[in-house]
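A single structure is presented below for examination.
First the proteins, then the strands, lettered A, B, ... as listed; each starts at 1. Computed from a prediction, not measured in an experiment: that's the story for all the values here.
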Amino acid sequence: MANSPGVGDRGIRVRMAPSPTGPLHIGTARTSLYNYLFARHVGGTYVLRIEDTDAARGSDEHERDIIDNLHWLGITWDEGPQVAGGEDIGPFGPYHQSQRSSLYAAEAERLLASAQAFRCYCTPEELDAVRREQEERKEPPRYSGRCRNLTDAERDAFETEGRRAAIRFRVPGEVVTFDDLIRGRVEIAAEALGGDRVIVRSDGSPLYHFVVVVDDAAMRITHVIRGEDHLSNTPLHVLLFRALGHDVPVFAHIPLILNPDRTKMSKRRSQTAIRAYREQGYLPEAMVNFLAFLGWSPGTEEEIFALKTLAERFEIEHVHKAGAVFDKDRLDYLNGVYIRSLTDEQLAVRLRSFVPEALDDRGLLAVIPLIKERMVRLADAGELVAFLVEADGEVASRYGPDGLMSPKADAAATAMALTRARTELEATAAEDFAAGELEARCRGAAEALGWKAGDFFKPMRVAITGRTVSPPLFGSMELLGRERCLARIDAALAKLATVVAA
RNA sequence: GCCCCCAUCGUCUAGAGGCCUAGGACGCCACCCUUUCAAGGUGGAGAUCACCGGUUCGAAUCCGGUUGGGGGCACCA
């Protein structure tokens, strides 16, 4: 493939250009990741540029969210804003579009001077009217070209009328060809662009398609890796690069991330904010691994990769062409894999903000072996650990007498078994109150009674944790301690008594 | 409507003309392990490679068409 980059090509410069109109989106995150992996793989430079030209929709808060979550994922860049609100770093700054307006004005002026652009006096209302008529006639919407060749007199007339002119780029009637690293050669007739396109509004503010091109050229971007939704816009960009006298970068349009119904992933149908995943306790390692494999694979059967390995193995040519459905089950699986791969100490640090403060650091570290392989997300720890911090009364309020009974045992039998269990606990000294000892005693008791261990343990589990599903029973009891276990069993016995009596 | 892109198990994918009676992973089912739930182990179901034509000794892989899906068509980004 033409212009295929090689490892060690230091001249390569890529960029990510998020718009702070919302929190970091899954799709933006993956595009950022692919740019990052590509840059690191070839030893190029990665630039972050903030497309904050939409003052109405954009906000500092979103910019902060984007930068913060990019960092969270482990993605780093060489030029751009390092911290939201902080100084931009790099030789081609500023890296905020809102601070580059003079450049856009100057570049638009150049196009005007060379007659590759012209002033258009049509008002948005007039344009709208024309577009509506075209739609009614089932014609593709297209600029009429009314102001394309205005005489000086006509221009003066509009000016004296008080009209403010927008600047339009004169779109030539040719077939634009460009090479895409993923799709190969793409040819699109410029005619499909809908006529001469506005590049600067009548209020003087530049439009996105003009601004990206100006900035990419100014920042010496050599490879533009972006979502496939930009494929149709690319001819316009190519034309603009040429009109401005710049080299055209190499493009790579990556497939879209899809909703389960295979439409472009949207907030409407899916959870799209990276922040939301972070808050639920997805690990950045899992997120990165998952995102990297949505549309790319190393061509082998390995599939657990750290960011660094991903950068070593990533090859843009191996990116798939078709869109990929966001498969949450797979993300969950990967998250579990990464959670289980952490040491207890590492996991404790990550879990701190997800569990109640009432559980101190020692207590947290102690439960981890019991809950580690039961978590899909870090936030799941809260429920798994709840029995430790809940008051005895709260635990008891979670179940009724029926909840304590095994399928085959009635209230009286259950009370008898629980009483026996209580005897075993009471006979265990506080210093011997450990999982191994407790299990041995309770198993012995179950056997003596002729009960299956599982049946015997069920009322105990419910009494101790207030739940039929819990971390391992004896480890849980050890953590809870002798006195609280006895109290909880007493509470359960009391509930049973009300039924037995009746 | 017009333009563009795409098409392998439900999902993510391997596959660069013979290695494919199409491989892996997630999910699903069964069994094993087992104090519940998980985790782990073993096995299984699941894809006539969208369809139709062509090229070739040979096609999931190349070409053309059809169908289906998606994306783009602003003085939004």
Side-chain angles (χ1 to χ4, degrees), chain A residues 17-22 51-54 56-58 97 120 122-124 127-128 131 134-135 137-143 164-168 180 182-183 186-189 191-194 197-203 205-209 211-212 227-235 253 255-256 258 260-264 290 293-304 317 320-334 336 340 371-376 380 384 439 442-443 446 452-458 460-462 465 467-474:
Chain A
S19 173
T21 50
E51 312 236 309
D52 55 349
T53 47
D54 189 339
R57 288 194 295 155
Q97 292 189 328
C120 172
C122 301
T123 64
L127 261 14
D128 262 2
R131 201 170 300 130
Q134 290 169 332
E135 266 167 40
R137 270 179 274 135
K138 305 247 187 214
E139 287 170 16
R142 146 172 290 273
Y143 170 63
R164 304 278 301 277
I167 300 175
R168 269 185 199 275
D180 187 291
I182 296 166
R183 281 147 224 286
V186 180
E187 292 186 2
I188 301 178
E191 198 174 313
L193 262 25
R197 298 281 290 260
V198 173
I199 53 173
V200 178
R201 295 185 187 85
S202 49
D203 70 0
S205 60
L207 268 83
Y208 171 78
H209 294 300
V211 162
V212 248
E228 192 197 333
D229 45 349
H230 280 104
L231 196 56
S232 304
N233 297 323
T234 304
H253 288 93
L256 263 21
L258 275 21
D261 66 359
R262 304 205 75 93
T263 54
K264 180 162 97 170
F290 173 72
F293 275 71
L294 272 186
W296 174 83
S297 102
T300 65
E301 286 175 0
E302 309 152 272
E303 52 186 6
I304 303 298
E317 291 85 353
H320 248 250
K321 293 186 176 98
V325 172
F326 186 95
D327 181 5
K328 191 148 177 298
D329 282 337
R330 196 181 174 78
L331 207 213
D332 284 345
Y333 159 77
L334 277 173
R340 278 172 253 125
I371 65 172
K372 196 182 200 170
E373 56 199 28
R374 272 159 253 266
M375 273 185 279
V376 170
D380 296 337
L384 288 167
E439 180 171 356
C442 292
R443 275 187 193 286
K452 282 175 67 182
D455 293 337
F456 188 75
F457 297 160
K458 181 187 172 183
M460 294 178 70
R461 179 185 311 284
V462 173
T465 66
R467 294 154 171 87
T468 52
V469 171
S470 79
L473 179 59
F474 302 104

Touch class at under 4.0 angstrom, heavy-atom based, for A:Phe326 against every strand present: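 Touches nothing.
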
Protein-nucleotide distance (A:Leu258, atom CG; B:G69, atom C1'), rounded to Å: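 After rounding, the reported distance stands at 9 Å.
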
Interatomic distance at C1', B:C4 relative to B:C12, whole Å: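 Result for the C1' pair: 25 Å, nearest Å.
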
Nucleotide of B:C75, B:C5, B:G23 approaching A:Val186 most closely (side-chain heavy atoms):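 So the nucleotide nearest the side chain must be B:C5.
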
Sugar-phosphate, base or nothing in reach of A:Asp327, heavy atoms under 4.0 Å: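 Base contact.
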
Under 3.5 Å donor-acceptor, A:Arg142 side chain and A:Glu191 backbone: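 Yes: the side chain of A:Arg142 pairs with the backbone of A:Glu191.
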
Nucleotide nearest A:Ser232 when distance is taken to its side chain, options B:C73, B:C37, B:G72: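 That would be B:G72.
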
Sugar-phosphate, base or nothing in reach of A:Pro471, heavy atoms under 4.0 Å: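 Result for A:Pro471 = base.
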
Base-pairing assignment for B:C73 (Watson-Crick or G-U wobble, both under 3.5 Å):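 Per the H-bond distance test, B:G1.
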
Side chains of A:His253 and A:Thr234, donor plus acceptor under 3.5 Å: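 A donor-acceptor contact under 3.5 Å links the two side chains.
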
Sugar-phosphate only, base, or nothing, as touched by A:His253 at under 4.0 Å among non-hydrogen atoms: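 A:His253: no heavy atom of the nucleic acid under 4.0 Å.
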
Pair A:Lys458 + A:Asp455, salt bridge at N-O below 4.0 Å: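 No, this pair does not count.
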
Side-chain N or O of A:Arg340 closer than 4.0 Å to phosphate OP1/OP2 of B:G40: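 Result: yes.
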
Touch class at under 4.0 angstrom, heavy-atom based, for A:Ser19 against every strand present: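 Sugar-phosphate, backbone atoms only, no base.
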
Short side-chain N/O contact to B:G1 OP1/OP2 from A:Arg137, under 4.0 Å: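 A:Arg137 to B:G1 OP1/OP2: no side-chain N or O under 4.0 Å.
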
Separation of B:A74 P from A:Asp128 CG (nearest whole Å):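 Distance, rounded to whole Å: 10 Å.
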
Sugar-phosphate only, base, or nothing, as touched by A:Arg131 at under 4.0 Å among non-hydrogen atoms: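 Answer is sugar-phosphate: A:Arg131 comes under 4.0 Å of backbone atoms only.
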
Cationic tip of A:Arg197 above A:Tyr143 ring, under 6.0 Å, 45° of axis: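 No, A:Arg197 does not lie over the aromatic ring of A:Tyr143.
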
Whole angstrom value for the distance that separates P of B:U36 from CG of A:Asp455: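 So the CG-P distance, A:Asp455 to B:U36, works out to 10 Å.
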
Per A:Asp229 side chain, nearest of listed nucleotides B:G71, B:C75, B:G27: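 My answer, after comparing the listed nucleotides, is B:G71.
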
Spacing of A:Leu384 atom CG relative to B:C37 atom C1', expressed in whole Å: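 In whole Å, B:C37 C1' lies 9 Å from A:Leu384 CG.
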
Modelled atom types, side-chain donor and acceptor of A:Arg201 and A:Ser205, under 3.5 Å: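 Short answer, yes.
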
Separation between the C1' atoms of B:U8 and B:G15, rounded to whole Å: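 Rounded to whole Å, the distance is 9 Å.
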
Worked verdict on A:Leu256 versus A:Asp229 for side chain to side chain contact (heavy atoms under 4.5 Å, CB included): CA-CA 7 Å; A:Leu256 263 21; A:Asp229 45 349; 4.0 Å; yes

side-chain N/O A:Tyr333 vs B:C26 OP1/OP2, d < 4.0 Å: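 True: A:Tyr333 side-chain N/O within range (under 4.0 Å) of B:C26 OP1/OP2.
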
Rounded P spacing from B:U42 to B:A25 in Å: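 Each nucleotide's P atom is 10 Å from the other's.
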
Spacing of the C1' atoms in B:A16 and B:A22 (rounded, Å):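 Pairwise C1' distance, B:A22 against B:A16, rounds to 16 Å.
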
Nucleotide opposite B:U42 in a Watson-Crick or G-U pair, distances under 3.5 Å: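 Checking every strand shown, B:U42 finds its partner in B:A30, with both distances under 3.5 Å.
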
Side chain of A:Ala322 - closest among B:C76, B:C5, B:C6: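 Nearest listed nucleotide: B:C6.
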
Whole-Å distance separating the CG atom of A:Leu334 from the C1' atom of B:C12: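 The distance from CG of A:Leu334 to C1' of B:C12 comes to 10 Å, rounded to the nearest Å.
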
Rounded C1' spacing from B:A60 to B:C52 in Å: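 It works out to 16 Å between them.
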
A:Arg330, nearest nucleotide to its side chain (from B:G1, B:G24, B:G72):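 So the side chain of A:Arg330 is nearest to B:G24.
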
Contact nearer the 5' end of RNA chain B, comparing A:Thr21 with A:Ala324: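 This one resolves to A:Ala324.
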
Sugar-phosphate only, base, or nothing, as touched by A:Leu256 at under 4.0 Å among non-hydrogen atoms: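 The residue A:Leu256 makes sugar-phosphate contact but no base contact.
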
5' priority, RNA chain B, between A:Arg461 and A:Glu51 [closest heavy atom]: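 Result of the comparison: A:Arg461.
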
Nucleotide opposite B:U55 in a Watson-Crick or G-U pair, distances under 3.5 Å: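 Base partner found: none.
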
Sugar-phosphate, base or nothing in reach of A:Leu473, heavy atoms under 4.0 Å: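 Contact class for A:Leu473: base.
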
Selection from B:G71, B:A39, B:U36 that lies nearest to any side-chain heavy atom of A:Pro472: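 The answer is B:U36, which lies nearest to the side chain.
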
Below 4.0 Å: OP1/OP2 of B:C26 and any side-chain N or O of A:Lys328: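 Indeed not, no polar side-chain atom of A:Lys328 lies that close.
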
P atoms of B:G27 and B:C19, separation to the nearest Å: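 Comparing P positions in B:G27 and B:C19 gives a spacing of 31 Å.
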
C1' spacing across the pair B:U48 / B:C3, given as an integer number of angstrom: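 That atom pair is separated by 35 Å.
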
Phosphate OP1/OP2 of B:C75 contacted by A:Arg168 side-chain N/O (<4.0 Å):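 Affirmative; the distance criterion is met.
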
Side chain to side chain contact (heavy atoms under 4.5 Å, CB included) assessment of A:Ser19 paired with A:Tyr208: CA-CA 10 Å; A:Ser19 173; A:Tyr208 171 78; over 6 Å; no

Proximity to the side chain of A:Leu207 - top-ranked nucleotide from B:C4, B:A77, B:U11: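 The answer is B:A77.
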
B:A14 OP1/OP2 closer than 4.0 Å to side-chain N/O of A:Ser297: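 So the side chain of A:Ser297 is within the cut-off, an N or O lying under 4.0 Å from OP1 or OP2 of B:A14.
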
N or O in side chain of A:Arg262 less than 4.0 angstrom from B:U11 OP1/OP2: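 For B:U11, OP1/OP2 do have a side-chain N/O of A:Arg262 under 4.0 Å.
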
Side chain to side chain contact (heavy atoms under 4.5 Å, CB included) evaluation trace for A:Phe326 with A:Leu294: CA-CA 8 Å; A:Phe326 186 95; A:Leu294 272 186; 4.2 Å; yes

Out of B:G1, B:C3, B:U36, whichever nucleotide has its closest atom nearest the side chain of A:Val469: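 Nearest listed nucleotide: B:U36.
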
Watson-Crick or G-U wobble partner of B:A14, both distances under 3.5 Å: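 Looking at the geometry, B:A14 pairs with no nucleotide.
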
Sugar-phosphate only, base, or nothing, as touched by A:Asn233 at under 4.0 Å among non-hydrogen atoms: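 Base: the residue A:Asn233, judged by heavy atoms under 4.0 Å, touches a nucleobase.
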
Sugar-phosphate, base or nothing in reach of A:Gly336, heavy atoms under 4.0 Å: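 Counting heavy atoms under 4.0 Å across all strands, no contact is made by A:Gly336.
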
Watson-Crick/G-U partner (both atom distances under 3.5 Å) of B:A7: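 Because both required distances fall under 3.5 Å, B:A7 counts as paired with B:U67.
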
Spacing between A:Glu301 atom CD and B:A14 atom P, to the nearest angstrom: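 That distance rounds to 12 Å.
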
Ion pair A:Glu228/A:Lys264, N-O distance below 4.0 Å: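 Salt bridge absent between A:Glu228 and A:Lys264.
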
Touch class at under 4.0 angstrom, heavy-atom based, for A:Phe293 against every strand present: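 It contacts sugar-phosphate atoms only.
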
Heavy-atom closest contact (A:Cys120 atom, A:Arg168 atom, distance):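 Looks like SG-NE, 3.2 Å.
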
Sugar-phosphate only, base, or nothing, as touched by A:Gly299 at under 4.0 Å among non-hydrogen atoms: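 Sugar-phosphate contact only - A:Gly299 comes under 4.0 Å of backbone atoms but never of a base.
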
From B:C37, B:G71, B:C4, nucleotide with atom closest to A:Lys264 side chain: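 For A:Lys264, the side-chain atoms sit closest to B:G71.
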
Pairwise P distance for B:G46 and B:U36, with rounding to whole Å: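 These two P atoms come out 32 Å apart once rounded.
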
Side-chain-base donor-acceptor pair under 3.5 Å for A:Thr263 and B:G70: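 No, the side chain and the base share no sub-3.5 Å donor-acceptor pair.
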
